[in-house]
Structure formats: structure tokens, C-alpha cells
Amino acid sequence: MLKETLIDLLTQAAIQAQQSGKLPSATLPTVTIERPQNPEHGDYASSFPLKLARSAGANPIEIARELVKLIPPTPEIESIAVAPPGFINFTLKNGWLMQQVDVILSEREKFGNIDLGHGSRVQVEFVSINPTGPLHVGNGRGAILGSTLSNVLTAGGYNVEKEYYFNDAGSQMEALRRSLFARYQQCLGVDVEMPSEGYFGNYMVDLAREIISEEGDRFLSLSEAEAISELGKVGVEKIISSIREDLELLRVDFDAWFSEQSLYENGQFDRVMALLREGGHLMEKENATWFVSTSLGEDKDNVVVRGDGLPTYFAADIAYHYNKFLERNFDRVIDIWGADHQGHVSRLKAAVAALGIDPDRLELIINQMVTLRRGGEMVRLSKRSGDLITLREVIDEVGTDACRFFFLSRSANSQMDFDLELAKQESQDNPVYYVQYAHARIASILRLAEGRKISYADGDVSLLTTEPELTLIRKLLLLPEMVEVVVQTLEPHHLTYYAQDLATSFHSFYKLCRVVSDDQALTKARLKLVEATKTVLARTLHLMGMTAPDRM
RNA sequence: GUCCCUGUAGCUCAGCUGGAUAGAGCGGCUGCCUUCUAAGCAGCGGGUCGCAGGUUCGAAUCCUGCCAGGGACGCCA
């Protein structure tokens, strides 16, 4: 990429300056290249001379001038300027920019790909909620974040596997099964109480009714333990498939669904506990088994096996991550969690390190809470308490594209309000339509050209000389840099801003530059530009999991 | 009490691995449809970047303290 070329050029110039004694031979600071906000400062800029001035003890302007003298001409760069207090500004050649339109047209949907991962294997695990009820909006946020990030990592040259981890063991599932059995009995006229730790949402009643309509009262004739287990199995299956459906509606899919239960059945859980014990990380106290994380710098120790002999969620998670790193050998693992799991981060990293795995290979993304409002009023999201707006209701109301865009446009670090009253209205002037509209407009132009039988494969891109055209080309060329930024920061929200920016440049071009006109040569050149723009817009939308409509 | 996230324009938020006059969308106000989609374009107005110190040639960005909002501190997940 051009950015790397510029870094090389500057580094080489600095080394040369050192060799000729123009710069003291101290270690060089890292060369950074920025995209200046002000177009007068060129396409790329570097504050390298300013950083160099500190160690060299020289005037940054003088350093900049020396460096610029040592940079050889290249096919891409028109001019290199020195600006106070010590910036070096690079401006690209118009001719080179124009040629990139042909490059984009030849790369098609591959344009934007940049090989940073070199095929290394990265697992992205997200959503992963217990099958104890339908997804709510907060889960939707993680789902969209995870699926988008996976798309971008793939574009960034990684071999990505998306996984849903599925807690089908543990006390929460037991509470769910008991709740279901209670509702089942109640629906059949049996006077029983819900368990106090149960799930009180109405969906549990619906679920019980659904099972009754399909399977009748046959579970009543079983022993209580059997009934809870058998009915529970049916119920959990149904909940899982409804979760799957909700995610499909959001265009979120997974390569693997991983069962917690499997860790116990294949002995991996026991193996991991043995490993920890051998490493001296386990300790018996207060009738339970503890992971001694205080000796690894943590605030406190954590229970892995409870007094009743059952493993904790934490213990299962350690085994699960052992499986990810040592059984399946992922190079990197990215987990996306809700803010309520924040406290779990450092102890899981400590546990991973205790297993001899470099904890930096495990990256955690915490997305902050989504609070749901109806008008001004807050709506609780707790599954146990009952009043719950499901993700599906929100998707039905707002639509998948607008939903994805909305969730994607805020960084995971900031909490967000989702106001249902405003959802529809907001979806009307949602920026996603602004972006899609640009795509649809282009499709319309291309239809017109096709109708007039204009073939433009031989269009001459060197005719794209006006300011709106060159601005648009510059924006097209940002896509690979966006992919790079997202891969490096794991923050896909940047894509939404890029998409809007690109659409703005197109709409502005559209207003100022007639594409299909009497000027045949110019028409062909502009059809190329417009098609390249369509390609980049579509790619950007697809990376975000959105549709690129040809008509609106 | 400890830890994590957040505090930027009327509202919702970008910008935060330090860089050149702090940006966008929405809302408000002005203009623009005889020609490829006005779900659009052009322009105007709007900011003590929570507060106070510090580091630096340079701080919205880094450090410290405080204030405010949210989250976590369980033999739940």
C-alpha cells in the first residue's frame, strides 16, 4: 500500500542523511504517516522531522528540507512540500489517481483486501448467550459487531472462524428447565409454584404452551427429575433454534456452535484441571477448589469447583480456552463480551497464562450496555423479570440494514440508548439509506447506459480531471486503509463513517458532473468511475453485512 | 472501597498508539428539481473538548487528582 511506500521512502532518506552526516546517527524514531484533514496539506503527511528534531537537536524545518531532497521521484507522488513547524506533505499525481479507477475495476470485490493476516487462524467468538430465552437488543449489538469484524478480518487476510459458545450445562440451565416444567404444569392445570430463581418472562409460558400443543401432557407421567430433564431438552432445542432464526434475520451466522457439555464428555475439562493442579494453581479451601489467581497478580482467587462438586462457569471457560488454543490451535482468539463480563477479563487471561499460553493471543472486546427506552421510559432487559423487548421485535420494526448500521456506528466502548419510539422515525433518515441511495443511483445510471448500448470498457480514465472526480477517486482509495484500521483496532464502527463519507463524495460528484452526456469519451470515462464507485460502495456495505440495492 | 467504560455543537456520536484553523448526522435557518433517482446538492449558524494541575516544541488525545453517569466486584453466567 502507498502508505508503506511512503514510510520506506522516509526511512531510507533518514538513513542516507545519517550516512552523509546530515543527521546524527542515533536510533531513528518510528516513521508515522497521517492523512491530513486539510486538503491543502496534501494526501499524506508526516511529522517525522518534528520527532527527529528532538533527538537530533536540530531545526525540524531544516531536517524536513534535507529529507525531502533525498526522496527520489516515484510514479505516485506529484510533489513533496515542507510545512511549518516541520511537516512533510505528499501530494499524489492526478494521473496516478485516475489510473486507480481501472485498477479498482479489475479487482472488483477484491478491492479493499489487504493481506495483514497472512492466512493465520483467528477465532471470533460472540453472542454466546445461554439458551435461556430470546435474544435482546444488547445481544444484537455483540452479534453485529462480531459478524462485521469477522468480515473485515477475512478481508484483512485472516482465516476466520466464527463461533457461538453455548452453555448447555450449569445452574442457569437447571433453573430454566425447572421454570419450564413449572409453566408446563401450570398450563395443564397443576397448581405449582415457579422456582424462586426461575425465569419469569412470558415467553416461558408461550414455550410451555407450544410444547403442550405438540407433545401433549406426556411429561406429567414421568418422574419429576425425568420430566425436568426431558422437557428441558425439548425446550432448550426450541430456544436455540429461535436464537438461530433471530440471528439469521440479522444476517449473522456462525461456522461452529460449541457446546460446554462437550468439554465434560470428552475429558478436556478434567485434563485442564489436572494441568492447573500440576502447575500449582489450584487450592482446596472452604470446601471448594480455587484457582489461585492472587499469586498471578489478581485481586482475588476464584472458585473453579463448587462445594457441591459442580464446576463454575469460570472453570468451564478455562477449559474452553484451552480447547481453543491447545486443541484447535488458533493463532489468535477474539472474544466479544457484554459489559457485565468485564470483571471476568483479567482472571481469564491469568488462567490462560497459567496454561502456558501467551495471554496476548487472547483479545477481549467488551461492548457497553444498550439501554432500551420506550419514549422517555427505560425498559429493563432482564430475562428473569419478564418485561423484555426482544431483538426480533426491534428488527421487525427497524429493519436489518438500519439495525446493523445503528449498532455499528457507535464504538463498543460507549453505551447506547435505543429508543423504540424513535426507532422507526430514525430509520427513515438513517444514514444507511443515504449510503444505499448512492449505490441505487449508480445502478440507475448504469441501466441508462446499458439501455443506450454504451460500452465503456475502452473508456479513458485520464479524462477524469475535475475536482469532484478526483475527490471521489481519493475516497475510493481509502477502503484498504479502512480495512487496515479496523483490523488493527478491532473497531468496525469506522466503516460506517467511511461509508457516509464516500457516499457524500459521490452525491456531490453526481450533482456537479453529468455522467451520460453528448460527450461520448467523457461519458465512457465517467461510467468507469461510477462503476468503480458502485463496487467500493457495495464492498463497504457488504463488509458491514448490509445490502446494496439497485433500486430504492 | 477497588476495578472497567464514558463525559466533545441543542440532540446522537466520530476524532483519543500526541500534531497543522476540533468533525459528521439529526434538528434550526437560506438557496437549488426542463436533463442519469431531491432518500439528493450548496451554504449559514452552533464548541471554556466535565473540572484542575502536570509532561511536551505541540494535549480533545498522555499522566495525576477531583466531579458526573453506567457497569463489575457470587461456590450466577
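Residue numbers start from 1 in every chain, and the chains themselves are labelled A, B, ... in the order their sequence lines are given, proteins ahead of strands.
- For B:A14, the OP1/OP2 oxygens have a side-chain nitrogen or oxygen of A:Ser414 closer than 4.0 Å.
- Rounding to whole angstrom units, CZ of residue A:Phe418 and P of B:C11 are separated by 21 Å.
- Residue A:Ala45 is classed as a base contact, given a heavy-atom separation below 4.0 Å to a base.
- Base engagement by A:Ala440 is indicated by at least one non-hydrogen atom pair under 4.0 Å involving a base atom.
- Look at CG on A:Leu408: it is 16 Å from C1' on B:G25, rounded to the nearest Å.
- Ring pair A:Phe509/A:Phe506 is tilted by interplanar angle, where 30° to 60° counts as tilted.
- Atom pair A:Leu446:CG and B:C36:C1' shows a separation of 10 Å (rounding to whole Å applied).
- Nucleic acid contact for A:Arg35: none, since no nucleic acid atom lies under 4.0 Å from a heavy atom of the residue.
- Cation-pi contact between A:Arg347 and A:Phe314: present, with separation from the ring centre below 6.0 Å and deviation from the ring axis of at most 45°.
- In this structure, A:Asn167 does not reach the B:A77 phosphate: none of its side-chain N or O atoms is under 4.0 Å from OP1 or OP2.
- Of all nucleotides listed (B:A77, B:G23, B:C41), B:G23 comes nearest to the side chain of A:Gln37.
- When each of B:G70, B:G15, B:A77 is scored by its nearest atom to the side-chain atoms of A:Glu491, the top-ranked nucleotide is B:G15.
- At a threshold of 4.0 angstrom between heavy atoms, the contacts of A:Tyr434 are confined to the sugar-phosphate backbone, with no base atom among them.
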*Full working for side chain to side chain donor-acceptor pair (under 3.5 Å) between A:Tyr498 and A:Glu481*: CA-CA 10 Å; A:Tyr498 170 65; A:Glu481 289 179 29; over 6 Å; no
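- When each of B:A20, B:A77, B:G40 is scored by its nearest atom to the side-chain atoms of A:Ala83, the top-ranked nucleotide is B:A20.
- How far CG of A:Asp335 is from NE2 of A:His341: 10.5 Å, rounded to the nearest 0.5 Å.
- For A:Phe254 and A:Phe126, the distance between ring centers is under 6.0 angstrom.
- Ring-centre distance between A:Tyr320 and A:Phe258: below the 6.0 Å cut-off.
- Between A:Asp301 and A:Gly343, the residue whose closest nucleotide on RNA chain B is further toward the 5' end is A:Gly343.
- Across the protein-nucleic acid pair, A:Arg441 atom CZ and B:U35 atom P stand 13 Å apart, rounded to whole Å.
- In this structure, of B:C73, B:G40, B:A20, it is B:C73 that holds the atom nearest to the side chain of A:Lys300.
- A close approach under 4.0 Å does occur between a side-chain nitrogen or oxygen of A:Ser411 and OP1 or OP2 of B:A14.
- Both thresholds, 5.5 Å between centres and 30° between ring planes, are met by A:His41 relative to the base of B:A20, so the two rings are stacked.
- One interatomic measurement links the two molecules: CZ of A:Arg410 to P of B:C26, which rounds to 13 Å at whole-angstrom precision.
- Each of B:C41, B:C75, B:A20 was ranked by its minimum atom distance to the side chain of A:Ala288; first place goes to B:C75.
- Contacts between residues 513-529 of chain A and RNA chain B, counted as heavy-atom distances below 4.0 Å, involve A:Cys513, A:Arg514, A:Val515, A:Val516.
- Closest to the side chain of A:Lys511, out of B:G40, B:G25, B:G70, is B:G40.
- For B:C33, the O4'-C1' to base torsion is within 90° of 0; the nucleotide is therefore syn.
- In this structure, CD of A:Glu467 is placed 14 Å from C1' of B:C41, rounded to the nearest angstrom.
- Here the shortest heavy-atom pairing between A:Pro131 and A:Ile240 reads CB-CG1, 3.6 Å.
- Using a 4.0 Å heavy-atom cutoff across all strands shown, A:Asn367 reaches no nucleic acid atom at all.
- The side chain of A:Ser47 lies closest to B:G19 when the candidates are B:C41, B:G19, B:G69.
- Residue A:His341 is in base contact, counting any heavy-atom pair closer than 4.0 Å across all strands shown.
- Seen from the ring of A:Phe406, A:Arg410 counts as a face-on cation partner, given the 6.0 Å and 45° thresholds.
- Looking at every heavy atom in both residues, A:Ala350 comes nearest to A:Glu298 through CB-CG, 4.0 Å.
- At a threshold of 4.5 Å between non-hydrogen side-chain atoms, the residues A:Thr371 and A:Met416 do not count as touching.
- The ring of A:Tyr437 does not lie on top of the base of B:G40; it is either too far (5.5 Å or more) or too tilted (30° or more).
- In the set B:C41, B:G15, B:U12, the nucleotide with an atom closest to the side chain of A:Ser508 is B:C41.
- Looking at RNA chain B, the stems built from 3 or more consecutive Watson-Crick or G-U wobble pairs, each pair with its key distances under 3.5 Å, are B:1-7 with B:67-73, B:10-13 with B:23-26, B:28-32 with B:40-44, B:50-54 with B:62-66.
- On the C1' atoms, B:C13 is 25 Å away from B:A72, given to the nearest whole Å.
- In terms of heavy atoms, A:Val370 sits closest to A:Arg141 at CG2-CD, 3.7 Å.
- The separation between A:Glu34 atom CD and B:U61 atom C1' is 13 Å, rounded to whole Å.
- The side chain of A:His493 contributes an N or O atom lying less than 4.0 Å from OP1 or OP2 of B:G15.
- You'll find the ring centres of A:His507 and A:Tyr434 inside the 6.0 Å limit.
- Between the CG atom of A:Asp335 and the P atom of B:A77 there is a distance of 17 Å, given to the nearest Å.
- Under 3.5 Å, the side chain of A:Asn89 and the base of B:A20 form at least one donor-acceptor pair of N or O atoms.
- Residues A:Leu145 and A:Phe407 fail the side-chain proximity criterion, which asks for heavy atoms closer than 4.5 Å.
- Which of B:C13, B:A20, B:A77 sits closest to the side chain of A:Met416 comes down to B:C13.
- The side chain of A:Gln342 sits closest to B:G71 out of B:A39, B:G71, B:A42.
- For A:Tyr510 and A:Lys51, each mapped to the nucleotide of RNA chain B holding its nearest heavy atom, the one lying further toward the 5' end belongs to A:Lys51.
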